[in-house]
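First the structure, in the form of C-alpha coordinates, and then the observations on it.
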Amino acid sequence: MFALIDCNNFFVSCERVFRPDLENKPVIVLSNNDGCAIARSNEAKLLGIPMGAPLFEIRHLVKAYDIQVLSCNFELYGDMSRRVMNILQQECEKVEVYSVDEAFLEFNDSINWAEEGDRLRKHILQCTGIPTSIGFGPTKTLAKLANLESKVRGISCYIDHTKAYHDNLKAIPVAKIWGIGTRLNKSLKEHGVYTAYDLMTTDPAWARRKYNVIVERTLRELGGISCLSLSLIQESKKSIQITRSLSEPVQDLETLKQIIARYGFRLAHKLRASSQKTMTIWVYARNSRYRSEKPVFHQQTIVLAAPTNDTTSIITLAQQAVESFFDPTVAYHKLGIMAIDLRDANAPSAKELFVSVNQSRKPDIDKVMDSINQRFGLGTVRPLSCGQSVGWMNKRDHKTPAYTTNWKTLVEVKAK
DNA sequence: TCTGGGGTCCTAGGACCC
DNA sequence: TCTGGGGTCCTAGGACCC
(Lines give C-alpha, C1' and ligand atoms only; values in the text may rest on other atoms or scores of the structure.)
Protein backbone atom coordinates (compact mmCIF):
# COMPACT_ATOMS: atom_id res chain seq x y z
CA MET A 1 0.00 0.00 0.00
CA PHE A 2 1.21 3.47 -0.96
CA ALA A 3 0.65 6.78 0.78
CA LEU A 4 1.21 10.33 -0.31
CA ILE A 5 1.83 12.81 2.44
CA ASP A 6 1.83 16.45 1.53
CA CYS A 7 2.29 19.65 3.53
CA ASN A 8 -0.75 21.93 3.42
CA ASN A 9 -0.12 25.29 1.72
CA PHE A 10 3.51 24.60 2.48
CA PHE A 11 5.18 28.01 2.10
CA VAL A 12 2.38 29.73 4.00
CA SER A 13 2.52 27.09 6.74
CA CYS A 14 6.29 27.59 7.12
CA GLU A 15 5.76 31.32 7.59
CA ARG A 16 2.98 30.75 10.12
CA VAL A 17 5.20 28.59 12.31
CA PHE A 18 7.18 31.71 13.16
CA ARG A 19 4.35 34.19 12.70
CA PRO A 20 1.39 32.82 14.64
CA ASP A 21 -0.32 36.15 14.07
CA LEU A 22 -0.89 35.00 10.49
CA GLU A 23 -3.15 32.12 11.57
CA ASN A 24 -6.73 32.34 10.30
CA LYS A 25 -5.85 35.26 8.05
CA PRO A 26 -5.62 35.25 4.26
CA VAL A 27 -1.91 34.98 3.41
CA ILE A 28 -0.06 34.72 0.12
CA VAL A 29 3.61 34.10 -0.64
CA LEU A 30 5.03 35.72 -3.78
CA SER A 31 7.45 34.47 -6.40
CA ASN A 32 10.81 36.09 -7.09
CA ASN A 33 10.67 39.84 -7.62
CA ASP A 34 7.36 39.77 -5.77
CA GLY A 35 5.70 38.87 -9.07
CA CYS A 36 2.99 36.23 -8.59
CA ALA A 37 1.24 34.42 -5.76
CA ILE A 38 2.88 30.98 -5.55
CA ALA A 39 1.33 29.88 -2.25
CA ARG A 40 -2.01 30.74 -0.69
CA SER A 41 -3.58 30.02 2.65
CA ASN A 42 -7.04 28.44 2.61
CA GLU A 43 -8.51 31.84 3.43
CA ALA A 44 -6.77 33.37 0.41
CA LYS A 45 -7.97 30.51 -1.82
CA LEU A 46 -11.53 31.13 -0.69
CA LEU A 47 -11.19 34.76 -1.77
CA GLY A 48 -10.66 33.47 -5.30
CA ILE A 49 -6.93 34.07 -5.70
CA PRO A 50 -5.70 31.59 -8.29
CA MET A 51 -2.29 29.93 -8.22
CA GLY A 52 0.21 32.13 -10.04
CA ALA A 53 -1.91 35.28 -9.99
CA PRO A 54 0.23 38.37 -10.67
CA LEU A 55 0.26 40.65 -7.65
CA PHE A 56 -0.73 43.75 -9.64
CA GLU A 57 -3.90 42.01 -10.79
CA ILE A 58 -5.07 41.17 -7.27
CA ARG A 59 -4.10 44.40 -5.52
CA HIS A 60 -7.75 45.29 -5.03
CA LEU A 61 -8.38 42.00 -3.19
CA VAL A 62 -5.27 42.44 -1.06
CA LYS A 63 -6.55 45.83 -0.01
CA ALA A 64 -10.19 44.92 0.42
CA TYR A 65 -9.56 41.81 2.52
CA ASP A 66 -6.32 42.82 4.22
CA ILE A 67 -4.47 39.88 2.68
CA GLN A 68 -1.04 39.38 4.24
CA VAL A 69 1.58 39.48 1.50
CA LEU A 70 5.00 37.86 1.94
CA SER A 71 8.04 37.58 -0.30
CA CYS A 72 9.41 34.08 -0.79
CA ASN A 73 11.95 32.81 1.73
CA PHE A 74 13.31 29.64 0.17
CA GLU A 75 16.03 29.28 2.77
CA LEU A 76 13.31 28.80 5.37
CA TYR A 77 11.16 26.50 3.23
CA GLY A 78 14.14 24.32 2.32
CA ASP A 79 15.09 23.90 5.95
CA MET A 80 11.53 23.16 7.08
CA SER A 81 11.23 20.63 4.27
CA ARG A 82 14.35 18.83 5.45
CA ARG A 83 12.89 18.63 8.96
CA VAL A 84 9.62 17.13 7.76
CA MET A 85 11.39 14.60 5.52
CA ASN A 86 13.78 13.60 8.32
CA ILE A 87 10.84 12.79 10.54
CA LEU A 88 9.22 10.70 7.83
CA GLN A 89 12.45 8.81 7.35
CA GLN A 90 12.59 8.10 11.07
CA GLU A 91 9.00 6.91 11.15
CA CYS A 92 8.80 4.87 7.94
CA GLU A 93 11.12 2.43 6.31
CA LYS A 94 10.26 3.29 2.73
CA VAL A 95 10.17 6.97 1.85
CA GLU A 96 10.52 8.68 -1.50
CA VAL A 97 10.97 12.43 -1.21
CA TYR A 98 8.99 13.55 -4.23
CA SER A 99 9.14 17.33 -3.95
CA VAL A 100 9.84 20.05 -1.41
CA ASP A 101 6.51 19.39 0.30
CA GLU A 102 5.54 15.83 -0.67
CA ALA A 103 6.70 12.30 -0.06
CA PHE A 104 5.49 8.88 -1.12
CA LEU A 105 5.55 6.15 1.52
CA GLU A 106 5.07 2.42 1.20
CA PHE A 107 3.44 0.25 3.84
CA ASN A 108 2.50 -3.31 4.40
CA ASP A 109 -1.01 -3.95 3.01
CA SER A 110 -2.23 -5.04 6.42
CA ILE A 111 -1.70 -1.71 8.22
CA ASN A 112 -4.54 0.25 9.66
CA TRP A 113 -4.17 3.20 7.32
CA ALA A 114 -6.44 5.54 9.24
CA GLU A 115 -4.50 5.10 12.45
CA GLU A 116 -1.11 5.25 10.79
CA GLY A 117 -2.05 8.38 8.85
CA ASP A 118 -3.34 10.22 11.88
CA ARG A 119 -0.29 9.25 13.89
CA LEU A 120 2.11 10.62 11.26
CA ARG A 121 0.18 13.83 10.79
CA LYS A 122 0.06 14.50 14.49
CA HIS A 123 3.73 13.71 14.93
CA ILE A 124 4.84 16.04 12.13
CA LEU A 125 2.60 18.81 13.38
CA GLN A 126 3.99 18.45 16.87
CA CYS A 127 7.64 18.39 15.80
CA THR A 128 7.60 21.05 13.08
CA GLY A 129 4.32 22.96 13.30
CA ILE A 130 3.50 22.01 9.70
CA PRO A 131 -0.02 20.66 8.98
CA THR A 132 -0.18 17.82 6.44
CA SER A 133 -2.63 15.71 4.47
CA ILE A 134 -2.25 12.02 3.76
CA GLY A 135 -3.87 9.73 1.23
CA PHE A 136 -3.54 5.96 0.90
CA GLY A 137 -4.12 3.65 -2.05
CA PRO A 138 -2.89 0.52 -3.81
CA THR A 139 -0.98 2.64 -6.36
CA LYS A 140 0.82 5.96 -6.29
CA THR A 141 -1.77 7.55 -8.57
CA LEU A 142 -4.65 6.47 -6.32
CA ALA A 143 -2.78 7.60 -3.20
CA LYS A 144 -2.44 11.02 -4.86
CA LEU A 145 -6.19 11.15 -5.39
CA ALA A 146 -6.85 10.07 -1.82
CA ASN A 147 -4.57 12.89 -0.73
CA LEU A 148 -6.78 15.41 -2.52
CA GLU A 149 -9.69 14.12 -0.53
CA SER A 150 -7.66 14.27 2.66
CA LYS A 151 -6.99 17.95 1.98
CA VAL A 152 -10.69 18.69 1.70
CA ARG A 153 -11.81 16.57 4.65
CA GLY A 154 -8.89 17.17 6.98
CA ILE A 155 -8.49 13.48 7.85
CA SER A 156 -6.52 10.52 6.46
CA CYS A 157 -8.22 9.07 3.37
CA TYR A 158 -8.07 5.97 1.21
CA ILE A 159 -9.18 5.28 -2.36
CA ASP A 160 -8.93 2.22 -4.58
CA HIS A 161 -10.51 0.98 -7.81
CA THR A 162 -13.19 -1.22 -6.26
CA LYS A 163 -16.90 -0.54 -6.42
CA ALA A 164 -16.99 0.96 -2.94
CA TYR A 165 -15.02 3.96 -4.24
CA HIS A 166 -16.61 4.43 -7.66
CA ASP A 167 -18.68 7.36 -6.43
CA ASN A 168 -15.51 9.07 -5.18
CA LEU A 169 -13.81 8.50 -8.52
CA LYS A 170 -16.83 9.80 -10.41
CA ALA A 171 -16.61 13.04 -8.43
CA ILE A 172 -12.97 13.70 -9.37
CA PRO A 173 -12.42 15.66 -12.61
CA VAL A 174 -9.87 14.07 -14.92
CA ALA A 175 -7.67 17.19 -14.71
CA LYS A 176 -6.98 16.48 -11.03
CA ILE A 177 -5.24 13.21 -11.82
CA TRP A 178 -1.48 13.08 -11.47
CA GLY A 179 -0.04 13.14 -15.00
CA ILE A 180 -3.03 14.74 -16.71
CA GLY A 181 -2.16 18.33 -17.59
CA THR A 182 -4.07 20.97 -19.53
CA ARG A 183 -3.43 19.49 -22.98
CA LEU A 184 -4.43 15.97 -22.09
CA ASN A 185 -7.40 17.22 -20.12
CA LYS A 186 -8.71 19.08 -23.17
CA SER A 187 -8.17 16.15 -25.48
CA LEU A 188 -9.65 13.60 -23.08
CA LYS A 189 -12.77 15.69 -22.66
CA GLU A 190 -13.17 15.78 -26.42
CA HIS A 191 -13.30 12.00 -26.25
CA GLY A 192 -15.91 11.98 -23.52
CA VAL A 193 -13.55 11.30 -20.62
CA TYR A 194 -14.48 13.69 -17.83
CA THR A 195 -13.77 12.01 -14.51
CA ALA A 196 -11.26 9.72 -12.86
CA TYR A 197 -13.84 6.96 -13.16
CA ASP A 198 -14.18 7.58 -16.92
CA LEU A 199 -10.43 7.33 -17.38
CA MET A 200 -10.17 4.23 -15.21
CA THR A 201 -12.74 2.43 -17.37
CA THR A 202 -11.14 3.43 -20.68
CA ASP A 203 -9.28 0.87 -22.82
CA PRO A 204 -5.53 1.01 -22.00
CA ALA A 205 -4.61 -0.01 -25.55
CA TRP A 206 -6.53 2.98 -26.91
CA ALA A 207 -4.73 5.27 -24.46
CA ARG A 208 -1.39 3.92 -25.66
CA ARG A 209 -2.28 4.34 -29.33
CA LYS A 210 -3.90 7.73 -29.00
CA TYR A 211 -1.40 9.24 -26.52
CA ASN A 212 1.59 7.47 -25.05
CA VAL A 213 2.81 5.00 -22.52
CA ILE A 214 2.50 7.54 -19.69
CA VAL A 215 -1.25 7.89 -20.14
CA GLU A 216 -1.60 4.13 -20.40
CA ARG A 217 0.28 3.74 -17.15
CA THR A 218 -1.87 6.34 -15.41
CA LEU A 219 -4.94 4.47 -16.52
CA ARG A 220 -3.71 1.13 -15.24
CA GLU A 221 -2.69 2.73 -11.95
CA LEU A 222 -6.23 4.07 -11.57
CA GLY A 223 -7.39 0.51 -12.08
CA GLY A 224 -5.36 -0.63 -9.10
CA ILE A 225 -2.39 -2.08 -10.99
CA SER A 226 0.80 -0.57 -9.62
CA CYS A 227 3.10 0.54 -12.46
CA LEU A 228 5.16 3.10 -10.58
CA SER A 229 7.36 1.90 -7.77
CA LEU A 230 8.93 3.88 -4.98
CA SER A 231 12.39 5.26 -5.79
CA LEU A 232 14.13 4.96 -2.48
CA ILE A 233 17.47 6.37 -3.53
CA GLN A 234 17.73 9.96 -4.64
CA GLU A 235 19.10 9.77 -8.17
CA SER A 236 21.70 12.37 -9.02
CA LYS A 237 20.42 15.30 -11.04
CA LYS A 238 20.52 15.20 -14.81
CA SER A 239 20.57 18.95 -15.21
CA ILE A 240 20.98 21.97 -12.96
CA GLN A 241 19.89 25.47 -13.85
CA ILE A 242 19.79 29.01 -12.53
CA THR A 243 17.28 31.32 -14.18
CA ARG A 244 15.80 34.57 -12.98
CA SER A 245 13.61 37.30 -14.33
CA LEU A 246 15.12 40.74 -13.76
CA SER A 247 13.18 43.27 -11.75
CA GLU A 248 13.81 45.77 -14.54
CA PRO A 249 14.92 45.26 -18.15
CA VAL A 250 18.65 45.47 -18.88
CA GLN A 251 20.20 46.72 -22.13
CA ASP A 252 23.77 47.15 -21.01
CA LEU A 253 26.35 44.46 -21.76
CA GLU A 254 28.47 44.97 -18.66
CA THR A 255 25.44 44.61 -16.39
CA LEU A 256 24.33 41.46 -18.20
CA LYS A 257 27.82 40.01 -17.79
CA GLN A 258 27.67 40.68 -14.06
CA ILE A 259 24.28 39.03 -13.80
CA ILE A 260 25.33 35.94 -15.70
CA ALA A 261 28.49 35.80 -13.56
CA ARG A 262 26.29 35.60 -10.47
CA TYR A 263 24.23 32.83 -11.99
CA GLY A 264 27.41 31.02 -13.02
CA PHE A 265 28.73 31.40 -9.48
CA ARG A 266 25.58 29.81 -8.05
CA LEU A 267 25.56 27.11 -10.67
CA ALA A 268 29.15 26.09 -9.95
CA HIS A 269 28.32 26.05 -6.25
CA LYS A 270 25.30 23.81 -6.83
CA LEU A 271 27.36 21.45 -8.96
CA ARG A 272 29.98 21.10 -6.24
CA ALA A 273 27.30 20.66 -3.60
CA SER A 274 25.93 17.66 -5.49
CA SER A 275 29.42 16.34 -6.34
CA GLN A 276 28.86 16.77 -10.04
CA LYS A 277 30.63 18.32 -13.00
CA THR A 278 29.18 19.48 -16.28
CA MET A 279 30.31 18.81 -19.84
CA THR A 280 27.88 21.28 -21.43
CA ILE A 281 26.72 24.75 -20.49
CA TRP A 282 23.70 26.40 -22.03
CA VAL A 283 23.17 30.15 -21.65
CA TYR A 284 20.13 32.09 -22.75
CA ALA A 285 18.60 35.55 -22.50
CA ARG A 286 15.25 36.83 -23.62
CA ASN A 287 13.03 39.88 -23.51
CA SER A 288 9.73 40.07 -21.68
CA ARG A 289 7.01 37.67 -22.74
CA TYR A 290 4.38 40.21 -21.83
CA ARG A 291 5.71 43.58 -22.84
CA SER A 292 7.72 43.23 -25.99
CA GLU A 293 6.22 43.39 -29.41
CA LYS A 294 8.56 40.78 -30.86
CA PRO A 295 9.83 37.84 -28.78
CA VAL A 296 13.62 37.62 -28.67
CA PHE A 297 15.41 34.51 -27.49
CA HIS A 298 19.20 34.42 -27.63
CA GLN A 299 21.11 31.34 -26.64
CA GLN A 300 24.39 29.57 -26.87
CA THR A 301 25.50 26.07 -26.04
CA ILE A 302 29.09 25.47 -24.98
CA VAL A 303 30.52 21.98 -25.02
CA LEU A 304 33.57 21.73 -22.80
CA ALA A 305 36.77 19.87 -23.46
CA ALA A 306 36.57 18.29 -20.00
CA PRO A 307 33.91 18.25 -17.30
CA THR A 308 34.11 21.06 -14.74
CA ASN A 309 32.46 22.58 -11.67
CA ASP A 310 35.04 25.31 -11.41
CA THR A 311 33.57 28.76 -10.70
CA THR A 312 36.03 30.76 -12.77
CA SER A 313 35.77 28.55 -15.85
CA ILE A 314 31.98 28.52 -15.77
CA ILE A 315 31.72 32.28 -15.32
CA THR A 316 34.21 32.97 -18.11
CA LEU A 317 32.34 30.75 -20.56
CA ALA A 318 28.97 32.14 -19.57
CA GLN A 319 30.18 35.72 -20.07
CA GLN A 320 31.62 34.82 -23.47
CA ALA A 321 28.26 33.39 -24.45
CA VAL A 322 26.45 36.57 -23.43
CA GLU A 323 28.99 38.67 -25.35
CA SER A 324 28.50 36.59 -28.44
CA PHE A 325 24.74 36.99 -28.67
CA PHE A 326 24.31 40.41 -27.03
CA ASP A 327 22.19 42.86 -29.00
CA PRO A 328 22.07 46.44 -27.64
CA THR A 329 18.59 47.00 -29.07
CA VAL A 330 17.05 44.26 -26.91
CA ALA A 331 15.65 44.95 -23.44
CA TYR A 332 16.64 41.72 -21.69
CA HIS A 333 14.23 40.58 -19.04
CA LYS A 334 15.26 37.05 -18.20
CA LEU A 335 18.58 35.23 -18.18
CA GLY A 336 19.47 31.67 -17.49
CA ILE A 337 22.33 29.23 -17.34
CA MET A 338 21.96 25.49 -17.36
CA ALA A 339 24.44 22.67 -16.84
CA ILE A 340 23.57 19.57 -18.83
CA ASP A 341 25.37 16.31 -19.45
CA LEU A 342 26.47 15.99 -15.81
CA ARG A 343 29.15 13.67 -14.53
CA ASP A 344 30.07 12.35 -11.14
CA ALA A 345 32.79 14.66 -9.81
CA ASN A 346 34.40 11.78 -7.94
CA ALA A 347 34.76 9.62 -11.02
CA PRO A 348 37.15 11.57 -13.23
CA SER A 349 36.75 11.01 -16.94
CA ALA A 350 39.58 10.19 -19.31
CA LYS A 351 39.34 13.73 -20.66
CA GLU A 352 40.43 15.13 -17.32
CA LEU A 353 43.77 13.41 -17.64
CA PHE A 354 44.76 16.16 -20.03
CA VAL A 355 43.81 19.28 -18.07
CA SER A 356 46.74 21.48 -17.22
CA VAL A 357 48.29 21.45 -13.78
CA ASN A 358 47.25 25.03 -13.37
CA GLN A 359 43.61 24.21 -13.88
CA SER A 360 43.67 21.18 -11.69
CA ARG A 361 44.83 23.32 -8.75
CA LYS A 362 41.94 25.74 -9.05
CA PRO A 363 39.31 23.77 -7.11
CA ASP A 364 41.16 24.67 -3.91
CA ILE A 365 40.01 28.26 -4.33
CA ASP A 366 36.44 27.08 -4.72
CA LYS A 367 36.77 24.90 -1.65
CA VAL A 368 37.86 27.84 0.46
CA MET A 369 35.12 30.00 -1.00
CA ASP A 370 32.51 27.31 -0.33
CA SER A 371 33.54 26.89 3.28
CA ILE A 372 33.44 30.63 3.98
CA ASN A 373 30.10 30.96 2.22
CA GLN A 374 28.75 27.95 4.06
CA ARG A 375 29.47 29.70 7.31
CA PHE A 376 28.51 33.27 6.49
CA GLY A 377 25.98 32.88 3.67
CA LEU A 378 26.29 32.36 -0.08
CA GLY A 379 27.85 35.42 -1.72
CA THR A 380 29.91 36.51 1.29
CA VAL A 381 32.95 35.88 -0.90
CA ARG A 382 32.46 35.82 -4.64
CA PRO A 383 34.41 36.54 -7.79
CA LEU A 384 34.89 40.19 -8.67
CA SER A 385 33.08 39.58 -11.96
CA CYS A 386 29.81 39.27 -10.04
CA GLY A 387 29.96 42.98 -9.20
CA GLN A 388 28.15 44.83 -6.44
CA SER A 389 24.44 44.65 -5.76
CA VAL A 390 22.63 46.97 -8.13
CA GLY A 391 19.12 47.67 -9.40
CA TRP A 392 18.59 44.33 -11.13
CA MET A 393 18.79 42.42 -7.88
CA ASN A 394 15.71 40.51 -6.86
CA LYS A 395 12.96 42.53 -5.35
CA ARG A 396 11.72 41.07 -2.06
CA ASP A 397 9.94 43.77 -0.17
CA HIS A 398 8.10 41.51 2.29
CA LYS A 399 10.69 38.90 3.17
CA THR A 400 10.70 37.28 6.60
CA PRO A 401 14.01 36.40 8.34
CA ALA A 402 15.81 33.07 7.89
CA TYR A 403 14.58 31.95 11.31
CA THR A 404 16.14 28.51 11.26
CA THR A 405 19.34 28.85 9.24
CA ASN A 406 21.00 32.09 10.31
CA TRP A 407 22.23 32.81 13.83
CA LYS A 408 21.71 36.52 13.35
CA THR A 409 18.01 36.17 12.61
CA LEU A 410 17.02 33.57 15.20
CA VAL A 411 13.74 34.30 16.90
CA GLU A 412 14.14 35.89 20.32
CA VAL A 413 11.87 34.69 23.08
CA LYS A 414 11.52 36.74 26.22
CA ALA A 415 10.41 35.02 29.43
CA LYS A 416 8.78 37.15 32.05
C1' DT B 1 4.28 50.13 -13.80
C1' DC B 2 3.86 45.13 -12.15
C1' DT B 3 3.49 38.37 -14.88
C1' DG B 4 8.43 32.44 -10.94
C1' DG B 5 11.95 28.79 -10.97
C1' DG B 6 13.59 24.14 -11.45
C1' DG B 7 13.04 19.72 -12.91
C1' DT B 8 11.70 14.84 -15.54
C1' DC B 9 10.27 11.65 -19.14
C1' DC B 10 8.86 10.19 -23.81
C1' DT B 11 8.71 10.32 -28.86
C1' DA B 12 9.68 11.15 -33.60
C1' DG B 13 12.90 11.85 -36.88
C1' DG B 14 17.52 12.34 -38.65
C1' DA B 15 22.23 10.68 -39.06
C1' DC B 16 24.92 7.06 -39.15
C1' DC B 17 26.50 2.12 -38.96
C1' DC B 18 27.02 -2.65 -41.11
C1' DT C 1 10.67 2.18 -64.00
C1' DC C 2 12.65 -0.63 -60.41
C1' DT C 3 16.89 0.92 -55.15
C1' DG C 4 17.26 -3.76 -48.31
C1' DG C 5 16.93 -4.59 -43.60
C1' DG C 6 18.05 -3.88 -39.10
C1' DG C 7 20.02 -1.41 -35.63
C1' DT C 8 21.92 2.60 -32.42
C1' DC C 9 22.53 7.19 -30.92
C1' DC C 10 21.42 11.94 -30.62
C1' DT C 11 18.43 15.93 -30.59
C1' DA C 12 14.46 18.88 -30.52
C1' DG C 13 10.15 19.44 -28.96
C1' DG C 14 6.15 18.39 -26.27
C1' DA C 15 3.96 17.40 -22.08
C1' DC C 16 3.95 16.98 -17.45
C1' DC C 17 5.24 17.82 -12.35
C1' DC C 18 5.74 20.85 -7.94
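For the numbers below, each heavy atom of this structure counts, side chains included, while hydrogens, waters and symmetry mates do not. Numbered from 1 within each chain, the chains take letters A, B, ... in sequence-line order.
- A close approach under 4.0 Å does occur between a side-chain nitrogen or oxygen of A/Ser245 and OP1 or OP2 of B/dG5.
- Side-chain contact, A/Thr311 with A/Arg272: a donor N or O sits under 3.5 Å from an acceptor N or O.
- Between A/Asp370 and A/Lys367, no side-chain nitrogen of the basic residue sits less than 4.0 Å from a carboxylate oxygen of the acidic one, so the salt-bridge criterion is not met.
- Rounded to whole Å, the distance from CD1 on A/Ile337 to P on B/dG5 is 15 Å.
- Between A/Glu216 and A/Arg220 there is a salt bridge, with a side-chain nitrogen of the basic residue lying less than 4.0 Å from a carboxylate oxygen of the acidic one.
- Proximity of A/Thr243 to the phosphate of B/dG5: no side-chain N or O atom is located under 4.0 Å from OP1 or OP2.
- Distance from the side chain of A/Arg244 is smallest to B/dG5 among B/dG4, B/dT3, B/dG5.
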Let me check I have this right: for DNA chain B, each base becomes ., (, ), [, ] or |, based on Watson-Crick or G-U pairs with both distances under 3.5 Å. What is the full string? ....||||||||||||||
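- Distances shorter than 4.0 Å separate some side-chain N or O of A/Lys334 from OP1 or OP2 on B/dG5.
- For the side-chain contact (heavy atoms from CB on, under 4.5 Å) criterion with A/Tyr284, the lone passing option out of A/Lys334, A/His298, A/Gln300 is A/Lys334.
- Between the side chains of A/Asp118 and A/Ser156, at least one donor N or O sits under 3.5 Å from an acceptor N or O.
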Check nucleotides 7-11 of chain B for protein N or O atoms closer than 3.5 Å to its own N or O atoms and list the pairs.
residue: B/dG7; atom: OP2; partner: A/Gln241; partner atom: N; Å: 2.7
residue: B/dT8; atom: OP1; partner: A/Lys238; partner atom: N; Å: 3.0
residue: B/dT8; atom: OP2; partner: A/Ser239; partner atom: OG; Å: 3.2
residue: B/dC9; atom: OP2; partner: A/Lys238; partner atom: NZ; Å: 2.9
residue: B/dC10; atom: OP1; partner: A/Arg217; partner atom: NH2; Å: 3.3

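- Residues A/Glu149 and A/Arg153 are paired through a salt bridge, judged by an N-O separation under 4.0 Å between the basic side chain and the carboxylate.
- Counting non-hydrogen atoms under 4.0 angstrom, A/Ile177 reaches the backbone sugars and phosphates but no base.
- The residue A/Asp101 sits close only to the backbone: its heavy atoms come under 4.0 Å of sugar-phosphate atoms, none of a base.
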Please list, for nucleotides 12-15 of chain B, all pairs of protein and nucleotide N/O atoms separated by less than 3.5 Å.
none

Show, in sequence, the C-alpha distance, side-chain angles and deciding distance for A/Phe2 and A/Trp178, and conclude whether the ring-ring contact (aromatic ring centres under 6.0 Å, His included) test is met. CA-CA 14 Å; A/Phe2 292 95; A/Trp178 189 37; over 10 Å; no
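- Using a 30° and 60° split on the angle between ring planes, A/Trp113 and A/Tyr158 fall in the parallel class, below 30°.
- Rounding to whole angstrom units, CG of residue A/Asp34 and P of B/dG5 are separated by 12 Å.
- For the 3.5 Å distance criterion, the side chains of A/Thr405 and A/Asp79 fail to qualify, holding no donor opposite an acceptor.
- Rounded to an integer number of Å, the gap from CZ of A/Arg289 to C1' of B/dG4 is 9 Å.
- Here the side chain of A/Tyr98 is nearest to one of B/dG6, C/dC17, B/dT3, namely C/dC17.
- Between A/Phe56 and A/Asn32, the residue anchored closer to the 5' end of DNA chain B is A/Phe56, taking for each the nucleotide with the nearest heavy atom.
- Between A/Tyr403 and A/Phe18, the angle of the ring planes stays under 30°, which puts this pair in the parallel group of the 30/60° scheme.
- Heavy atoms of A/Ile180 sit under 4.0 angstrom from primed sugar atoms or phosphate atoms, though from no base atom.
- Comment: A/Glu43 does not engage A/Lys25 in a salt bridge, judged by the lack of any side-chain N to carboxylate O separation of less than 4.0 angstrom.
- Residue A/Lys140 has no polar side-chain atom (N or O) positioned under 4.0 Å from OP1 or OP2 of C/dC17.
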Mind running side chain to side chain contact (heavy atoms under 4.5 Å, CB included) on A/Ile365 and A/Thr312 for me, showing each step along the way? CA-CA 10 Å; A/Ile365 300 172; A/Thr312 319; 5.9 Å; no
